[in-house]
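Remarks on the structure that follows.
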Amino acid sequence: MAQYARNAAAVAVIRLRNPPVNALSLTVLQALEDGLKRADADPSVKAVMICGENGKFSAGADIQGFSSPKRQGIALGPLVSLIERSEKPVVAAIEGIALGGGLEVALGCHFRVAHVQARMGLPEVTIGLLPGAEGTQRLPRLIGVPAALDLITTGRHIPATEALKLGLVDEVVEENTVEAGIRLANKLIASVSLENVSSKENRELCKHARILTGCPAGQPLGPRRLSLKPIPRLPNMEAFLSEALVKVKKQARGCLAPELCFQAVKAATEQPFADGVQRERELFNILLTSGQAQALQYAFFAERAVQRWTTLSGASWKSASPQPIRRAAVIGLGTMGRGIVTSLVKANIPVVALEQDVEYLNTGRKAVMLLLEREAMKMGQDAQSLDFHNPARLQFTVDFDGLRDVDLVIEAVFENMALKKEIFKKLSGICKPGAFLCTNTSALNIDEIASATSHPQQVIGTHFFSPAHVMRLLEIIYGRHTSPAAIATAMQLAKAMKKVGVVVGNCFGFVGNRMMFPYVQQAVFLLEEGSRPENVDQVIEDFGFKIGPFRMSDLAGLDVGWRSRKGQGLTGASLPPGTPARQRHGRRYSPLPDLLCEQGRFGQKTGKGWYQYEKAGGRTARPDPWLHSFLSEYRDTHQIKTRFIDQEEILERCLFSLINEGFNILAEGIASGPEHLDVIYINGYGWPKHKGGPMFYASTVGLPRILAKLQKYSEAHPDVPELRPSAFLKKLVAAGNPPLKEWMSCSGSQSSKL
Ligand code: 3H9
């Protein structure tokens, strides 16, 4: 609701109240409208101030409401106009956040005062929408087209200081914002009511109020009504807009909202306010029903839902308490370790970084310092707080003794079980008993690593994604003995590093990589059967992935997987003689990646992989005629008939096999819900967010269709178990294809492998 109150003077205060973020539900809107009408009707009220309960203005429209079947009720746009039309000055006192519809309400007000720590923005684009309460028309009138376009098409939140520079707010205060708002309202009252009074003192007061408000005498509010303001012209508006459109389209990669946001702002530059509003509404409705908005809003709530973690044994976020991390250590300063140290420093956690010898330590130190300097530059004025030259905040050592008093260690050495166990054994003897011992692994067994220590309850997997200081995902893997406090602490750490932590169970590859295996496997099988790397990548990138599987493999280095397959005895010297070239353990196997590695084609780093590059370390992938003839010869050698494979088959075999593995993971209880898998894929694997993650996508395709296709492909490739439909998928189809949020209630009888 919104609480209406009169203060001692003539200011009516309307306080938006809908915890936790004062979202503008229909009830809040109704109360806001009632409050405005009441203030209007009361002659003793001379000004109105709108603020929010609990130090937050408002996070905008209630996002849950967009999926509600009964969205009837008061509309936000006309309410913003009602505020603007008020004959009594209306002041917005912005504390905490003013986002989306919240900021649009503030734009309807005649004056805006913000607390110095407040953040503002129009983030609708990030949930597949555009500012649909006239924000696309008012904001460019207030701060100009370039700045408005930037805020509206990126959805970024800006601090109050930037808002002041842009002219988005009139005043930034460090003290109580509500009191500052009331003070301003009183000055405005003075400016209006004292105009005709001739005492010298009143004339002075009136003059002061006019300077403050920028309103000419006799028209106290006219220039403050943004809908009446002309758009600030640019000398080259047309050229500016066409360049901006190219940029917006490039960044959108198939997501509709940024381009429609652009169109709405463009309408503001071409049409009168009322027509622009009409255009904004049309575009908003297109987005609302596009499917992408549902996917993005699902992703928004999924990211919050995964914070409420549970484990198979019943531990949960409700009862587990995170422990404070006053000091952390990172072991290993390779690519991952460097990124992890950088993330910890950015999170203001003092770090001890350890390497095996001085030479590695010095190389690692240089690399970390470089990363931190770059980060500091990006962060601008906050950079001093990183204070990374201070040894109390970042210390480099080769001595394990330096780890005695740390609260948490993150081991980030090579993916080698023996090495990891050796380190954990050492840590177990050196660290204090309460220290949490985390291993950064992408696939290895957490229980086996924990078995090397005397406190396995303190051991937990923390799978970072490269580059670790950039990627948002942190897969948090609990083992058989991991304590709930260790999980809660790892989740808290993720939050401190501004990452999204997702708690999953322990199995080979955990969630992300386990689902990735069948996807990559299908991609390679498609090459065996007739596709080329560029065909497969194109289909996957057209779907919206940032990068296709072959370009990704070239970037990561083919040698990484080769080393792991050698370790598993799938290739190399340990392969038993007489093993068929294209079969392992009775299943289809493709030696293609191994053959490329044998030729020294490790990807970008060697200048050749699935593609060719301009030089070793080059970034521009070009299709390679050598590879095309190599594939033809390979098919001849193995008597594979080359066939044309269409886009549909490429997409379905890659994605449906990945999704199929997702159903197995859910059935085994490795993840407690489909949203976990989706958050992992969106934040760690470049899945297009506007398609909601693999499991959400499966729900939109329809489970019966996915099942039928998997059955078809499985019949055509009986030696590929990954294409055999998961029992859980079949069960859901038999249960009538329930909506995604009901899937887990159907999983009851599934057995757990944990
Ligand atoms: C809009 O305004 C459209 C208009 O232009 C036109 C309309 C015609 N609605 O993130 P947190 C919940 S579209 C409903 O954990 P934080 C959230 O789910 C809107 N619920 O906290 C969570 O619930 P739970 C444009 C919302 O401090 C709880 O609040 N606005 C909304 O890390 C706490 O959230 C946006 O896109 C909402 N609008 O971050 C802003 N917002 O506890 C979206 C939050 O049950 N919101 N909740 O899990 C945010 O960016 C962040 O939530 C915010 C707080 C920065 C506000």
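Start at 1 with the first residue, then count along the sequence. Note that ligands are numbered from 1 as they come in the structure, with each ligand's atoms numbered from 1 the same way. The structure displayed is predicted, hence computed values, not measured ones.
Using 4.0 Å as the threshold, L129 has no heavy atom nearer than that to any atom of ligand 1. Under a 4.0 angstrom heavy-atom cut-off, K56 registers as lying outside contact with ligand 1. Ligand 1 has P123 within reach: a non-hydrogen atom of the residue lies less than 4.0 Å from it.
Residue P20 touches ligand 1 through its side chain alone, judged by heavy-atom distances below 4.0 Å. At a heavy-atom distance under 4.0 Å, no atom of L24 approaches ligand 1. With a heavy-atom cut-off of 4.0 Å, I127 touches ligand 1 through its side chain alone. With a 4.0 Å cut-off on non-hydrogen atoms, V21 touches ligand 1 through its side chain and not its backbone.
Annotation for ligand 1: atoms under 4.0 Å from non-hydrogen atoms of P131 are 5 (O). Residue-ligand proximity, A23 to ligand 1, at heavy-atom distances under 4.0 Å covers atoms 9 (N). Atom numbering of ligand 1 starts at 1 in the shown order; those under 4.0 Å from a heavy atom of G60 are 2 (O). Taking a cut-off of under 4.0 Å to the non-hydrogen atoms of I97, the atoms of ligand 1 that pass are 56 (C). Under a 4.0 Å criterion applied to the non-hydrogen atoms of F301, ligand 1 contributes the atoms 18 (O). For ligand 1, the atoms lying closer than 4.0 Å to a non-hydrogen atom of R304 are 10 (O), 11 (P), 15 (O), 17 (C), 18 (O), 48 (O), 51 (C), 52 (O). Near D62, meaning under 4.0 Å from one of its heavy atoms, ligand 1 places the atoms 9 (N), 14 (C).
A 4.5 Å side-chain heavy-atom check between H110 and R225 finds at least one atom pair inside the cut-off. Side-chain atoms of F57 and V105, non-hydrogen and from C-beta on, do get closer than 4.5 Å to each other. Under the 4.5 Å side-chain criterion, counting only non-hydrogen atoms from C-beta, V125 is not in contact with T154.
On a distance-only criterion, F284 and ligand 1 share no N/O pair closer than 3.5 Å. Ligand 1 has no nitrogen or oxygen under 3.5 angstrom from a nitrogen or oxygen of R119. Ligand 1 has an N or O atom lying under 3.5 Å from an N or O atom of G132, backbone or side chain.
Remark: E174 CD is loosely packed, at most 12 non-hydrogen atoms of other residues, nucleotides or ligands lying under 6.0 Å away. No more than 12 heavy atoms of other residues, nucleotides or ligands shown are found within 6.0 angstrom of CD on Q117.
Between Y685 and F545, a ring centre-to-centre spacing not shorter than 6.0 Å is recorded.
Closest approach of L260 and L283 over heavy atoms only: O-CD1, 3.7 Å. Minimum heavy-atom separation, A494 to L474: CB-CD2, 3.8 Å. The minimum heavy-atom distance linking L666 with M695 is given by the pair CD1-CE, 4.3 Å.
Remark: the backbone N or O of D275 is not paired with any side-chain donor or acceptor of R279 at under 3.5 angstrom.
In the candidate list K495, R308, E104, E280, R308 is nearest to atom 24 (P) of ligand 1, counting heavy atoms. Between the choices E124, E134, H157, the shortest heavy-atom distance to atom 50 (O) of ligand 1 belongs to H157. Scanning A59, S58, G101 for the heavy atom closest to atom 40 (C) of ligand 1 points to A59. Heavy-atom proximity to atom 19 (C) of ligand 1, evaluated over G100, S25, A61, G128, is greatest for A61.
With rounding to the nearest 0.5 angstrom, the CD1 atom of I349 is 8.0 Å from the CG atom of L408.
Every pair passing salt bridge (Lys or Arg N to Asp or Glu O under 4.0 Å) that includes a residue from residues 132-154 is listed here, sequence neighbours excluded: E84-R138, E134-R138, E134-R281, D150-R156. Here salt bridge (Lys or Arg N to Asp or Glu O under 4.0 Å) pairs that include residues 103-122, with residues two or more places apart or in two chains, number zero.
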